[in-house]
There are 2 protein chains.
Amino acid sequence: MERLPKRQRHQQLSRLIEENPFLTDRELTRLLKVSIQTIRLDRLELAIPELRERLKMMAERSYDSVRSLPLHEVIGDIVDLQLDKSGISLFEIRDEHVFSRTGIARGHHVFAQANSLAVAVINDEVALTASADIRFIRPARLGEKCIAKAYVRSSGSQKGKAKVEVFTYVGDEMVFQGNFVIYRSAGVTEAGGGEAHENRH
Amino acid sequence: MERLPKRQRHQQLSRLIEENPFLTDRELTRLLKVSIQTIRLDRLELAIPELRERLKMMAERSYDSVRSLPLHEVIGDIVDLQLDKSGISLFEIRDEHVFSRTGIARGHHVFAQANSLAVAVINDEVALTASADIRFIRPARLGEKCIAKAYVRSSGSQKGKAKVEVFTYVGDEMVFQGNFVIYRSAGVTEAGGGEAHENRH
DNA sequence: CCGGTCATTGGCACCAGGTATCAATATGAA
DNA sequence: TTCATATTGATACCTGGTGCCAATGACCGG
């Protein structure tokens with residue numbers, strides 16, 4: 001008995017299903033040239049669930065992520081907010097935020113947390129980022145919890161610009177620092193490429 | 001015959017399935033207090049596919065979006081790249097990039113395009129954003145095509161820092177401008193919060 | 001050569017969650 | 001009453017499986 005074929009087939013099976021989870025057992029028989037029973041035994045050994053379960057898992061995952069992705073709104077959980085004064089937000093670096101080769105968070109996520117907070121802390125109908133001066137002090141890595149603290153330095157409470165300083169820490173290490181200038185003016189649509197915010201109290 | 005109940009039920013059915021696509025017909029009978037045949041006639045009239053088809057569609061959608069989201073790698077299509085000199089990338093503002101209320105692109109996407117390009121244009125094993133000074137000149141809006149142009153100003157070809165200037169246009173209007181300082185050094189993991197890049201030629 | 005152990009295959013019953021179709025009943029309006 | 005529509009019931013069939021039992025093949029040690 002060639003013992004190899006089985007291990008090889010298992011590897012192939014895993015690979016096939018990983019790169020196309022929509023394959024039925026019947027389709028797999030054609031690809032691997034073994035009986036459907038063998039396919040099923042293999043799936044059993046490899047703990048690969050049946051097609052319908054795979055689809056369900058994918059659907060659930062995407063459903064959850066749609067529900068849990070305020071990625072398009074504010075990035076990071078804002079845990080404290082004193083309008084026109086200061087704010088704090090938390091953001092955990094997860095798989096989807098890092099560059100897989102190095103485990104280092106992509107810069108724009110760290111930036112986005114700070115930017116979201118800077119915009120949220122401004123007490124106006126619409127707030128847009130006008131400019132920013134940012135520094136990545138050290139890389140944030142997979143699993144780290146980033147704590148961003150924003151301080152409004154110059155509120156410009158009449159319509160105009162506000163300056164917001166943001167510091168992002170992992171533990172007591174600073175990973176990011178940024179100075180943001182935020183346009184504040186209801187209905188402004190001509191300047192600023194940032195986002196309006198939803199965090200009105 | 002109460003004609004309303006049917007329309008009402010149809011509305012309820014649509015709403016129920018929209019907010020929980022994982023419901024089987026049997027579960028729906030309990031929720032709507034009608035027979036399973038009625039549920040099936042209703043789905044037929046409303047063109048709501050069966051559970052398994054719904055799950056499959058969701059799985060396909062999420063699978064496609066995983067495939068088509070280079071969102072985690074380089075943002076924007078790099079159409080021209082002269083290492084250590086200059087580069088051009090294109091990025092179209094789509095639904096998922098804008099703040100729905102205003103149709104204005106979220107700042108971090110515009111930033112991310114520029115950041116990705118600044119990192120890509122640097123000819124080194126690993127390149128990380130160290131700092132940046134950015135300006136959002138005017139908002140980018142849904143449907144607009146952003147053209148980012150990067151110029152390496154000070155290459156620092158020995159290991160160290162490189163300065164990259166990026167201008168982003170929509171048509172001939174400038175929407176964004178940024179000065180990036182990029183760390184260049186193989187194996188550097190102590191500074192820079194940006195991303196290493198995949199665009200080696 | 002013989003038995004033992006895997007690996008592979010076949011066959012059958014069964015299941016969920018349906019589709020498709022036909023028939024029976026209820027209900028209300030003309 | 002009669003007709004149309006709505007609802008329900010019943011049955012056959014489908015896909016993509018699980019679970020179980022049995023038959024066959026291959027190889028190895030004694």
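Here the structure is a predicted model, which is why all the values come from computation and not from measurement. Every chain is numbered from 1 and lettered A, B, ... according to where its sequence line falls, protein lines coming before strand lines.
Salt-bridge annotation for A:D84 and A:R184: present, with a side-chain N of the basic residue lying under 4.0 Å from a carboxylate O of the acidic one. A salt bridge between B:E18 and B:R54 is absent, with no side-chain N of the basic residue lying under 4.0 Å from a carboxylate O of the acidic one. A salt bridge links B:E45 with B:K6; the closest basic N to acidic carboxylate O contact falls under 4.0 Å.
Using modelled atom types, no side-chain atom of A:R141 and backbone atom of A:I104 make a donor-acceptor pair closer than 3.5 Å.
Which of D:dG17, C:dT9, C:dT19 sits closest to the side chain of A:D25 comes down to D:dG17. For B:K6, the side-chain atoms get nearest to D:dT7 when compared with the rest of C:dT8, C:dG18, D:dT7. With D:dG17, C:dT19, D:dT8 as the candidates, the nucleotide lying closest to the side chain of A:L51 is D:dG17.
Residue-to-nucleotide contacts include no donor-acceptor pair under 3.5 Å from the side chain of B:E50 to the base of C:dG17. A donor-acceptor contact under 3.5 Å links the side chain of B:R52 to the base of C:dA16.
Nearest-nucleotide mapping onto DNA chain D: of A:R40 and B:I39, the residue sitting toward the 5' end is B:I39.
For A:T38, no side-chain nitrogen or oxygen approaches OP1 or OP2 of C:dT8 to under 4.0 Å.
Rounded to whole Å, the distance from CG on B:L41 to P on C:dA20 is 12 Å. Separating the CD atom of B:Q8 from the P atom of D:dA6 is a distance of 15 Å, rounded to the nearest angstrom. Atom CG in A:D42 sits roughly 10 Å away from atom P in C:dA7 (whole-Å rounding). Taking atom NZ of residue B:K33 and atom P of nucleotide D:dT8, one finds them 13 Å apart after rounding to whole Å. Residue B:R7 contributes atom CZ, which lies 12 Å from atom P of D:dT7 at whole-angstrom precision. A straight line from CD of B:Q37 to P of C:dT19 spans 12 Å, rounded to a whole angstrom. Regarding A:E53, its CD atom lies at a distance of 10 Å from the P atom of D:dG17, rounded to whole Å. For the pair A:R9 CZ and C:dT9 P, the interatomic distance rounds to 7 Å; values are reported in whole Å.
A cation-pi contact, defined as under 6.0 Å to the ring centre and within 45° of the axis, is absent between A:K145 and A:F91.
Residue contacts for A:R43: at a heavy-atom cut-off of 4.0 Å it reaches the sugar-phosphate backbone alone, with no base atom in range.
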